[in-house]
Structure formats: structure tokens, C-alpha cells
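Owing to the predicted nature of the structure, the values given are computational and were not obtained by experimental measurement.
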Amino acid sequence: MADNNKQHKYRQEIQQMMYVSGETGEPSVETTAMIEEIVRQQVIEMLRNCTELAVRRGSRSITINDLIFLIRDDAPKVSRLRTFLSWKDVRKSAKDSDDKNADGADIGVADDAGGGGGVMPGGPAVEEAAKKNKKAKVKLPWEPSSYYSQEVPERDDEEDEEEEEMNHITLQRLRKADERTKAMTREEYVTWSEYRQASFTYRKGKRFREWAGFGIVTDSKPSDDIVDILGFLTFEMVQTLTEEALKIKEQEDLWKERSGGEDLYKERNGGENPGTKKRKLTQGLFDPPSEGKTPVESRHIQEAFRRLQARPKKSRAMLNGTNLQQRTSLRLF
């Protein structure tokens, strides 16, 4: 049991991510261990595929584009990832400009004391800093715009289809978050807000590199950007698994509620109860209260993973009438 606990290093982080995703109960150790193993398999598969892409380019080191290329078919996730990278670059640029401003603060004070003309608020220096700190769009080499040497200037009031789709997905996520938090108390909401910062990688770089198999799966030394991207994607994986498992559990609870105690009677006595001719669908005024909400179990996670691994009908239909075997490799989600 001790070796098993050493192997699974992210129980607390997974619990927090599941809480943010809608699981308010406390999942078992078996459930969190299964989620961690699934996520680890996904990360190892991504690193293996990225290494193969790097070898095709004649390089030994993987890049950001290799990771994004693996999820290129999931447009909403790519959009969220590009936004994440853009704001990360903005924060880095803002921090660098603040450091430069702090270094030149003494010079500016001396100029003002000497009666010289200082930089007016809103002047060219401020506008230049604002342009540097503006969110830059992450460009990908397989996009049509990268085929040409000249770029079309972007307008501030123009939004492409990708941004519109990203905004739509963002609104859906905000709506789900609002539904999850509208009935929370102040203390619960503070906890929920803190748990949103849960990460596999933030201030855990060394632990994550050992856990993901860097140096075994891939020989290249990962950059900080690659580790941050994997941290972003692992959170998305846990969230996707949890949301799918909650849907499965909700369907199961609804079926149990509609079937009532009839199935329990059949299971114990091996036959149908002659005294019940009609199933009880609703709870009466004087009926005892139903059982409290139970957390997601490992079987729900397993079924959610099975559904997420199912191939689209389009890819299956393309192989009909052929002798080609369907791909059985791990599908990334």
C-alpha cells in the first residue's frame, strides 16, 4: 500500500480539479489513482508522438508546435491553449517592462527635480509599452497564413472564426461554472476559487518530470513552456474525465430512482414482487428522505474513459468494406 501511495503523487491535486469540475463529494483513493494513471498514459503518449514528430524533422528536441499539432483537430482546446500562451507572454512582457521601469525610476525622479520635461502620462513611452504588452496571437506553421511571407495587418475590431468559437466555448464554461457555484456558501466559493489554481506542474516541475517519464520516453530536456502546456492539458484531461463520469453517474442515479426497490427485490428473491404492480416514480410527502449524494466511483471513470476512446463514426465508416484493421492506439482527449 505504501508503494502504491508513492506511485500516485497527485491525489490532492486531482481531488481539487474534480471539485472544480462539479464533483463536490470526496472520491476514493481508487478513483483518484485511476484518473492519475489515465492522465499519465495520455502524457506519455503525447511525449512519444512528439518525439516521433521531432525525429521526422531531424531534431532531437520537441517543441510547442509538436504538442499543439497532436490536438489540432480539437479546435476549442487549441483556441484555449493559444489564449493561455498569449496571456503568458503578456505577463512575461509586463514583468520585464516593470523591471525596466523600476531600474529607470531614479533617473526619472532626478530629471523632474532638475526641472526637465519628464514623460507625460499617455505619451509615446506608455503607448509603446502598451503595444508590447498587447496579447499577441500564437501562429502555427500548418496554418494557411504561414505559407506567405507577407502578413495581412490585423484590425482591432476584427474577430476571426476561431475567436468566435473560443468565445462561445468560454461562455458555455462560464455558464457551467455559474451553475455549480450559485448555490455555494461564501466559504465554499472561496474553496472553489482556490482549487481552480490546482496544477500538476506549477512549482512541481521536478516531480512532474519524473512522473511523466522525461528522460525515458523522450531524451530531450523539456522547456518551461512545454511543461506549462502539459500542465494546462492535464487539467483539461481531469476535467473532461470528471464531467463525463458525472454524466454517467447522473444517468445511473436516474435509472435507479425510476426503478425504485423493484430491482433490489429481484436481486434478493430471484423473482418479481407480486405486491407491486406499478413502479414508484416520484417521492411522496411522507416517504423517508433519499440517500445522500455519493461521489463518482472508479467504474464511472472507467466507463467515461471507454466513451472518450470511442472512434468517431466517420473514421469507422471509412474502413467499411476494406481489410484494413481499425487503429487501436490510445486516443488523446
### Message
Using 0.5 Å steps for rounding, measure from the CG atom of Leu241 to the CG atom of Leu308.
### Response
6.0 Å
### Message
Keeping Asn49 on the side-chain end and Glu45 on the backbone end, is there a donor-acceptor pair under 3.5 Å?
### Response
yes
### Query
Between Tyr10 and Arg40, is there a cation-pi geometry (under 6.0 Å to ring centre, at most 45° from the normal)?
no
### Message
With a 4.5 Å cut-off on side-chain heavy atoms, are Ile62 and Leu67 touching?
### Response
no
#### Entry: Whether Arg48 side chain and Val217 backbone form a donor-acceptor pair below 3.5 Å
no
### Task
Please tell me if the side chains of Phe200 and Leu230 come closer than 4.5 Å, counting only heavy atoms from C-beta onward.
no
### Query
Quick check: are there more than 12 heavy atoms from other residues, nucleotides or ligands sitting under 6.0 Å from CG of Leu174?
yes
### Query
Are any side-chain N or O atoms of Gln239 and backbone N or O atoms of Thr234, one a donor and one an acceptor, separated by less than 3.5 Å?
no
### Query
Does any non-hydrogen side-chain atom of Glu250 lie less than 4.5 Å from one of Leu254?
no
### Message
Closer than 3.5 angstrom, by distance alone: can the side chain of Thr218 be matched with the main-chain N or O of Phe214 as a donor-acceptor pair?
### Response
no
### Query
Are there more than 12 heavy atoms of other residues, nucleotides or ligands under 6.0 Å from atom CD of Glu30?
no
### Query
Within 45° of the six-membered ring axis of Phe69 and under 6.0 Å from that ring's centre, is NZ or CZ of Arg72 located there?
yes
### Task
Would you indicate whether the side-chain heavy atoms of Thr242 and Met17 approach each other to under 4.5 Å?
no
#### Entry: CA sep, side-chain torsions, deciding dist, call: Leu332, Met46, side chain to side chain contact (heavy atoms under 4.5 Å, CB included)
CA-CA 8 Å; Leu332 303 176; Met46 294 184 75; 3.7 Å; yes
### Query
When you check the gap from the basic side-chain N to the acidic O, do Glu13 and Arg203 get nearer than 4.0 Å?
no
### Message
Does Arg60 have more than 12 heavy atoms from other residues, nucleotides or ligands lying within 6.0 Å of its CZ?
### Response
no
### salt bridge (Lys or Arg N to Asp or Glu O under 4.0 Å) evaluation trace for Glu243 with Arg180
CA-CA 12 Å; Glu243 290 176 350; Arg180 291 167 185 163; 3.1 Å; yes
### Query
Quick one: are Met18 and Ile35 in side-chain contact, heavy atoms under 4.5 Å?
yes
### Message
Salt bridge or not between Lys176 and Glu179? Use side-chain N to carboxylate O under 4.0 Å.
### Response
no
### Query
Is Glu303 salt-bridged to Arg299, going by a charged N under 4.0 Å from an acidic O?
no
### Query
Judged by atom type as modelled, is there a donor-acceptor pair below 3.5 Å linking the side chain of Lys249 to the main-chain atoms of Thr294?
yes
